[in-house]
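Atoms within a ligand are numbered from 1 in the order they appear, just like the ligands themselves.
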Amino acid sequence: MRLVVDLNRCQGYAQCAFLAPDVFTMRGDEALLYNPHADKAQREQVLRAATACPVQAILVEDDPDDASEAASSRLTGAGEGLSSVR
Ligand code: SF4
C-alpha cells in the first residue's frame with residue numbers, strides 16, 4: 001500500500017502517530033515522518049489513522065501490484081516523506 005500526507009492540511013495533531021506508530025512518527029512539534037510504502041500487515045493501523053486524522057490529511061492507496069488488496073481508498077492529500085507540518 002502507498003500513503004501520502006497532505007502537509008498543507010496536516011496540523012501535527014499526532015493522531016496518526018498514536019494509532020500507527022510503526023508508520024507515523026512525530027519529530028519535534030513541526031515534522032511528521034512516515035513510511036509512504038507501509039507494509040500490507042500495517043493496513044488496519046494505517047486506515048484507522050487515516051480515519052482518525054482530524055483534518056483528513058492522509059491519503060491511502062492500495063498498491064496495484066498487490067492483487068490481494070481491494071480498490072483504493074482516497075481520503076485526501078498529496079506529498080510524502082519527512083516534511084514540516086507548519
Ligand atoms: S496527518 Fe493528521 S493525524 Fe497525522 S499529524 Fe497530521 S493532522 Fe495529525
Query raised in the report: Going by the atom numbers of ligand 1, which of them fall below 4.0 Å from some non-hydrogen atom of Y13?
Result: 5 (S), 7 (S), 8 (Fe)
Query raised in the report: Strictly under 2.8 Å, is any N, O or S atom of C16 next to atom 4 (Fe) of ligand 1?
Result: yes
Query raised in the report: In terms of side-chain geometry, is the basic nitrogen of R2 or D62 positioned less than 4.0 Å from the acidic oxygen of its partner?
Result: no
Query raised in the report: Hey, is atom 2 (Fe) of ligand 1 within less than 2.8 Å of some N/O/S atom on C10?
Result: no
Requested in this report: Can you measure from CG (L3) to CG (L59) and round to the nearest 0.5 angstrom?
Outcome: 8.0 Å
Report task. Check ligand 1 against A14 and write out every atom of the ligand that is under 4.0 Å from a heavy-atom position of the residue. Result -> 5 (S), 8 (Fe)
**Report entry** Working for side-chain contact (heavy atoms from CB on, under 4.5 Å), residues Q45 and L19
**Finding:** CA-CA 6 Å; Q45 283 187 6; L19 292 168; over 6 Å; no
Query raised in the report: Using heavy atoms and a threshold below 4.0 Å, how should the contact between Q15 and ligand 1 be classified: side chain, backbone, both, or neither?
Result: both
Query raised in the report: Can you tell me how far the OG1 atom of T51 sits from the CD atom of Q15, to the nearest 0.5 Å?
Result: 12.0 Å
**Report entry** Proximal ligand 1 atoms for V55, defined as those under 4.0 Å from one of its heavy atoms
**Finding:** 7 (S)
Query raised in the report: Can you tell if the side chain of I58 reaches within under 4.5 Å of the side chain of C16, non-hydrogen atoms only?
Result: yes
